[in-house]
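Take a look at the structure below.
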Amino acid sequence: MRRYFTVLLLAMLVTSSMMVMAQDVSRQELPRTRTIPYPSAELAAERDLAKQRYMEPIAEWKSLDDGSFEGVFTYPFSWIDRRIYLRVEGMMQPYEVLINDKSAGSATNGHVATEFDITKIAKEDKNRVVLRPVEKGDVAAIECFDSSASQPVVYVISQPRVRVRDIYWNATRGMGDIVNVDFGVVMRNETLNPKMSRLHYELYVNDTVRLAGGRLDVKLDMHGVDTMRFGATLNDSLLWHHSSPTQLSLRLENRIENRKSEVYDLAVALRELRYEDEVFYINGAATPMEWHVMSPMSDVAAVERAHAEGHHAIRFSAGFVNDEVLTYCDNAGIYVALTAPINSSLSGESRKRGGNPSNDPRMRDEYVERVVSLVETTDRHASVVAYYMADDSANGICLYEAYLAMKRVAGARPVFYDDGGNEWNSD
C-alpha cells in the first residue's frame, strides 16, 4: 500500500504543475503493469489480447489525413454499471485521445502504456476512437532516439466499480531452502457507498499443484482504496533465474455481493534481487551482468536471436519496449535493463539557460513522470532487474529529482545513469 500511495503522491505533484509539457492527467489512471480482467478462469488462463466479455482490442485502424489513427469499439449492455478504460501502449509521440469527438485526455509521453477513464464519454453500442498526434513542443529536446512505429497497441477494458486496481508481489529467502512470498492486491471502490469485496486467491505450479489459497474480505468506504495482503511459503527451487525461469500461476476472483465480477490468472516469476558493491545477487548468488545493448524497437525475434548468440543480459536503450518482448524475456530467463524515454543528446552538455533540458526546472515534472511511469508499467516482469534513467542527457536538477523519484518506486532494482559524470544520482 505504501508503494501505491507513493505513486499517488507523485501523480498529484505532476497534476498540480501548470507547465505545458507535463502530462495531462485529467482522465488518466495511475500507471500500472498490464492488468486485464476476464469473465472466467478458462479465459483468464489464456492471458492474451483476444476479444472477450470484459476486453476488446482495437486491431483495425484507419489513417486520417492529419496523421491520426481512427478505430471503433463496441460498448455492450453488460458494461452499463462498470468502469471503462482505454489503454494505449506505444503511441511513440505526444497525442490526444478523442472518444466520439470528445477529449478523453492527452499525454506528452507516448512511450509508456497509458490508461484513460472513458466511462463518462463512452456510449452503448459503437464508439469512435481517434488518437490524434500533437506537437512535441519542449519534449522534442528529450526524445533524440528512434521512435518509429506503425501503430500502437490499444484495447478497452471493463471493470466493476469495486475493482482490482493493481497487483504486486515480493519474494524473500528465509532459513534453509524456504522462500517467503508476500502478495498485495490493491482494491478500489468507485461508488458513492461503502462496499464489501471478497477476493478468492490460489497459487499453482505447473497449473496443477496448488501451493496456497484462501479468501479475503475487505470493506471499502466511498471512493476508498485498500490493499488485500496474503502470503505463501515456498521452496527455493521455485525461484526464477536465468537457468531455470520458473513461473507460477496466481488466480484471483473478485466477488461483489457474492457475484463474480472479474477474474485474473497471472504468470508469477519470483526472484530475490540485491545490488551491492556493484554486484547483482539473484536469489543470493552473485550474477555478472554483461549488458548487450539493443534498440527498444527490437521485436521478439530479434531478442530471441541475441539470446541464441549467448547474450543473457540485455539493456534496451531509451524508448518503448513492447510488453510481448518483456514477456518473452520472462519466459526465456533473460535479464533486462530498461531505459526511460529520455535522450537530450542534441542539446549539448551546457547547464546554462538554453542548454541541456536536464538542468531546466521547467522540465522537472516531465522527467519525473517518465521514469516513474516506466517502473510502474513494467513492475511485474521478473526479467527486469535494473533501470536506466536516460541516455546521453548531461545532468542537472531534472535528473537529480528523477533519480530520487525512481528510487522510491523501483524497490530492490538499481537505478543507473552512465552519462551523468559520475555524480551521485546513479547506483
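A perpendicular orientation is assigned to the rings of Trp61 and Phe69, their planes being inclined by more than 60° (bins at 30° and 60°). Tyr335 and His242 have tilted rings, their planes meeting at an angle from 30° to 60° on a 0 to 90° scale.
Legend: residues meeting side-chain contact (heavy atoms from CB on, under 4.5 Å) with Asp182, ordered by chain and number and at least two apart, are absent. Residues passing the salt bridge (charged side-chain N to carboxylate O under 4.0 Å, His left out) test with Asp125: none are found, sequence neighbours excluded.
If you run side-chain contact (heavy atoms from CB on, under 4.5 Å) between Tyr328 and each of Asp323, Asn322, Val303, only Val303 comes through. Between Leu86 and the options Asn127, Asp117, Ile58, a side-chain contact (heavy atoms from CB on, under 4.5 Å) holds for only Ile58.
In Arg53, the CZ atom is not crowded: 12 or fewer heavy atoms of neighbouring residues, nucleotides or ligands sit closer than 6.0 Å. The number of heavy-atom neighbours closer than 6.0 Å to CD of Glu276, taken from other residues, nucleotides and ligands shown, is above 12. Remark: Lys62 NZ is loosely packed, at most 12 non-hydrogen atoms of other residues, nucleotides or ligands lying under 6.0 Å away. Within a 6.0 Å radius of CE in Met222, other residues, nucleotides and ligands contribute 12 heavy atoms or fewer.
Panel note: side chain Arg165, backbone Leu30; a donor-acceptor pair is recorded below 3.5 Å. The backbone N or O of Thr114 lies less than 3.5 Å from no partner atom in the side chain of Glu89, so there is not a single donor-acceptor pair.
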Tyr85 vs Arg163, side chain to side chain donor-acceptor pair (under 3.5 Å): CA-CA, chis, key distance, verdict: CA-CA 12 Å; Tyr85 302 95; Arg163 64 189 178 100; 3.0 Å; yes

Between Ser197 and Asn254, does a side chain to side chain donor-acceptor pair (under 3.5 Å) hold up when you go through it step by step? CA-CA 7 Å; Ser197 170; Asn254 178 24; 2.8 Å; yes

Please determine whether side chain to side chain donor-acceptor pair (under 3.5 Å) holds for the pair Glu366 and Thr108, giving the CA-CA distance in whole Å, both sets of side-chain angles, and the decisive distance to 0.1 Å. CA-CA 8 Å; Glu366 186 68 37; Thr108 56; 2.8 Å; yes

Assess the residue pair Arg188 and Asp226 against the criterion (salt bridge (Lys or Arg N to Asp or Glu O under 4.0 Å)); give the C-alpha distance rounded to whole Å, side-chain angles, the decisive distance to 0.1 Å, and a yes or no. CA-CA 7 Å; Arg188 185 166 185 173; Asp226 204 347; over 6 Å; no

Asp101 vs Arg128, test: salt bridge (Lys or Arg N to Asp or Glu O under 4.0 Å). Steps then yes/no. CA-CA 8 Å; Asp101 298 321; Arg128 176 174 178 261; 2.6 Å; yes

Carefully, step by step, assess Tyr400 and Tyr417 under the rule ring pair (Phe, Tyr, Trp, His ring centres under 6.0 Å). CA-CA 11 Å; Tyr400 300 152; Tyr417 180 49; 9.8 Å; no

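In this structure, CD on Gln159 lies 10.0 Å from OG1 on Thr119, to the nearest 0.5 angstrom. Interatomic distance, CE of Met187 versus CD1 of Ile167, reported as 9.5 Å (0.5 Å rounding). Atom CG of Leu338 is separated from atom CZ of Arg413 by 8.5 Å, given to the nearest 0.5 angstrom. To the nearest 0.5 Å, atoms CZ (Arg34) and CZ (Arg87) are separated by 7.0 Å.
Ring centroids of Phe316 and His292 are separated by 6.0 Å or more, keeping the two rings apart. You'll find the ring centres of Tyr201 and Phe230 inside the 6.0 Å limit.
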